[in-house]
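Since the structure comes first, as structure tokens, the remarks are kept for the end.
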Amino acid sequence: MKVKVISRNPNDYLRETKNDIHKVYRNFDPSLHPFEVNREYTRALNAAKLERLFAKPFMYSLDGHKDGIQCMLKHQTSLSIMFSGACDGEIRMWNLATQKCLHSVQAHDGLVRGMCMPWNGDRLLSVGDDKIIKHWSLDEPALTEPIDAIIAKTVLMGISHHRKKSLYATCGEKVDIWENNRSEPLRSLTWGVDTISSIKFNPIEVNTLAGTCNDRSIILYDVREAQPLRKVVMKLCTNAISWNPMEAFMFVAASEDYNLYSFDTRKLDMPVQVHKDHTSAVLDVDYSPTGKEFVSGSYDKTLRIFPLNSGRSREVYHTKRMQRLSCILWSLDNKYILSGSDEMNIRMWKAKASEKLGPGDSKGFCKLKKA
């Protein structure tokens, strides 16, 4: 009599250390699983619902300013340090990990129009309505007395620092290129416009910078040239721009017509993408460090996160007490978003609303590491 026996080697389906994992044999014949697509669709839908259900984007707010927030600045070498400038001329230095103000100083008479920092992070530069460019030391005790003060001939609306050299640019009635150790501008760049409201250096093509003007135009400059390079005229004024940190030729412009426009500097005839969803003027915009997304703050009291190649936002953040947003930042570790608004608060949000950031996540605390 013959007996047929099925014999399997245990090494094929058991772990070497613990014999507790058994291989499951499945028949993948589609005729045996007629509702597989329907079940997978239901699972994906439930997963999306749970992601929205567990979304808690707001983390905490930083209180202390006595007037609306006008501008903010990320520290170039430390993830936990951030600077904010208010409409009353005060500048504050914050530690985001402890949620405390480290230093504060009455920097300017009137609004703090802009702040910037060299790539090594050794000093802070600020401009205000008093037409003074001030250099502040960040060595302890920081922000006590300015180490240098330069009186400009015209009102200054913004400032931006070169990525590698000790150069910075200011804007107002014209664009001036300065050096850190000089009290007179190296050169002035003009193109027959009334006022340049904001300016931003390119982080990759470091000698290129772009400015937004009150005559609805966006002008590209090169610090090595004596004249501006190119100009594109929009239908309405542009409030701010942000360069893509991964693609040197791309930038996004925040416009008064409720939209954002992605441009390719090699072809400025028309935007690459129009980003819609805001219901009022867009006041500020900032790219993520990965270059795949950007965040915008608007007069409609919301901030929105847009994918680079999408015309619609993937997230919208707002609170009941938050008023119009004047400035926005995306942290250098790609995890957090900072927003400054008119009711004197700086709020921190998660870049991904449902992401768990640690055991203290439910209490609204975060852990930041120094770079």
Side-chain angles (χ1 to χ4, degrees), residues 70-73 76 83 85 89 91 105 107-138 143 145-215 217-232 237-243 248 251 265:
Q70 178 67 21
C71 57
M72 296 191 301
L73 176 68
Q76 298 294 339
F83 301 90
I91 293 178
V105 64
H108 296 277
D109 294 332
L111 279 67
V112 180
R113 288 292 182 179
M115 297 182 293
C116 70
M117 179 181 293
W119 186 245
N120 55 10
D122 63 341
R123 65 172 65 186
L124 175 71
L125 285 74
S126 65
V127 296
D129 280 350
D130 52 6
K131 300 193 289 187
I132 301 178
I133 307 171
K134 292 188 177 181
H135 297 229
W136 306 88
S137 174
L138 297 182
L143 299 179
E145 292 292 333
I147 57 178
D148 196 5
I150 302 169
I151 301 177
K153 297 179 180 179
T154 59
V155 175
L156 302 175
M157 301 295 293
I159 187 170
S160 182
H161 205 284
H162 196 281
R163 178 70 177 263
K164 295 181 179 179
K165 299 179 182 179
S166 60
L167 299 176
Y168 62 93
T170 59
C171 63
E173 295 182 7
K174 55 186 177 179
V175 173
D176 292 326
I177 308 299
W178 305 75
E179 195 171 8
N180 284 340
N181 299 323
R182 293 172 62 97
S183 59
E184 292 291 334
L186 297 178
R187 67 180 67 90
S188 298
L189 306 174
T190 58
W191 199 340
V193 296
D194 182 19
T195 303
I196 299 97
S197 57
S198 67
I199 198 163
K200 189 70 69 70
F201 265 101
N202 192 321
I204 304 175
E205 291 292 337
V206 292
N207 293 312
T208 306
L209 66 157
T212 62
C213 311
N214 285 354
D215 65 347
S217 63
I218 302 173
I219 302 180
L220 300 181
Y221 303 88
D222 193 316
V223 296
R224 298 166 296 185
E225 300 289 337
Q227 295 295 329
L229 298 178
R230 299 188 65 186
K231 176 195 284 190
V232 55
C237 287
T238 301
N239 292 316
I241 68 164
S242 180
W243 291 96
F251 70 89
T265 56

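Any value given below was found using the heavy atoms of this structure, including those in side chains, with hydrogens, waters and symmetry copies removed. Here the structure is a predicted model, which means the values were calculated and not measured.
With rounding to the nearest 0.5 angstrom, the CG atom of Asp176 is 11.0 Å from the CZ atom of Arg187. A distance of 8.0 Å separates CG in Leu189 from CD1 in Ile199, rounded to the nearest 0.5 Å.
Annotation: Glu179, atom CD; neighbour count of heavy atoms from other residues, nucleotides and ligands within 6.0 Å is above 12. Other residues, nucleotides and ligands place no more than 12 heavy atoms under 6.0 Å from the NZ atom of Lys174. For Asn214, the CG atom counts as densely surrounded, since its 6.0 Å shell holds more than 12 non-hydrogen atoms of other residues, nucleotides or ligands.
Results of the side chain to side chain contact (heavy atoms under 4.5 Å, CB included) test with Asp148 over Arg123, Lys134, His135 single out His135 as the only residue that passes.
Taking the six-membered ring for Trp and thresholds of 30 and 60 degrees, Trp178 and Tyr168 have nearly parallel ring planes, at less than 30 degrees apart.
A donor-acceptor pair under 3.5 Å is formed between the side chain of His162 and the backbone N or O of Lys164. Side-chain atoms of Arg230 do not come within 3.5 Å of backbone N or O of Leu220 as any donor-acceptor pair. The backbone N or O of Asp109 lies less than 3.5 Å from a partner atom in the side chain of Asp130, making a donor-acceptor pair. No donor-acceptor pair under 3.5 Å is formed between the side chain of Arg113 and the backbone N or O of Ile159. Using a distance-only test at 3.5 Å, with no hydrogens or angles considered, a donor-acceptor pair links the side chain of Ser197 to the main chain of Thr212.
Contact between Gly172 and Met157 at its shortest, heavy atoms only, is CA-CG, 4.0 Å. Among all heavy-atom pairs drawn from Gln70 and Val112, the shortest one is CG-O, 3.0 Å. The minimum heavy-atom distance between Ser126 and Met115, with the atom names listed, is CB-CG, 4.1 Å. Closest heavy-atom contact between His161 and Met117: CB-O, 3.6 Å. For the residue pair Val206 and Pro203, the shortest heavy atom distance occurs at CG1-O, 3.8 Å. Closest of all the heavy-atom pairs between Trp243 and Phe201 is CD1-O, 3.3 Å.
Under the salt bridge (charged side-chain N to carboxylate O under 4.0 Å, His left out) criterion, Arg182 pairs with no residue, sequence neighbours left out.
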Using the rule given for side chain to side chain contact (heavy atoms under 4.5 Å, CB included), can you reason through Leu125 versus Asn180, listing the C-alpha separation, both sets of side-chain angles and the distance that settles it, and then say yes or no?
CA-CA 10 Å; Leu125 285 74; Asn180 284 340; 4.2 Å; yes
Steps toward side chain to side chain contact (heavy atoms under 4.5 Å, CB included) verdict (Ile91, Leu124):
CA-CA 11 Å; Ile91 293 178; Leu124 175 71; 4.2 Å; yes
Evaluate side chain to side chain contact (heavy atoms under 4.5 Å, CB included) for Ile219 paired with Ile196, printing each intermediate quantity in order.
CA-CA 9 Å; Ile219 302 180; Ile196 299 97; 5.6 Å; no
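For the pair Leu167/Leu186, a side-chain contact is recorded, criterion being any heavy-atom separation below 4.5 Å from C-beta on. For the pair Ile177/Tyr221, no side-chain contact is recorded, criterion being any heavy-atom separation below 4.5 Å from C-beta on.
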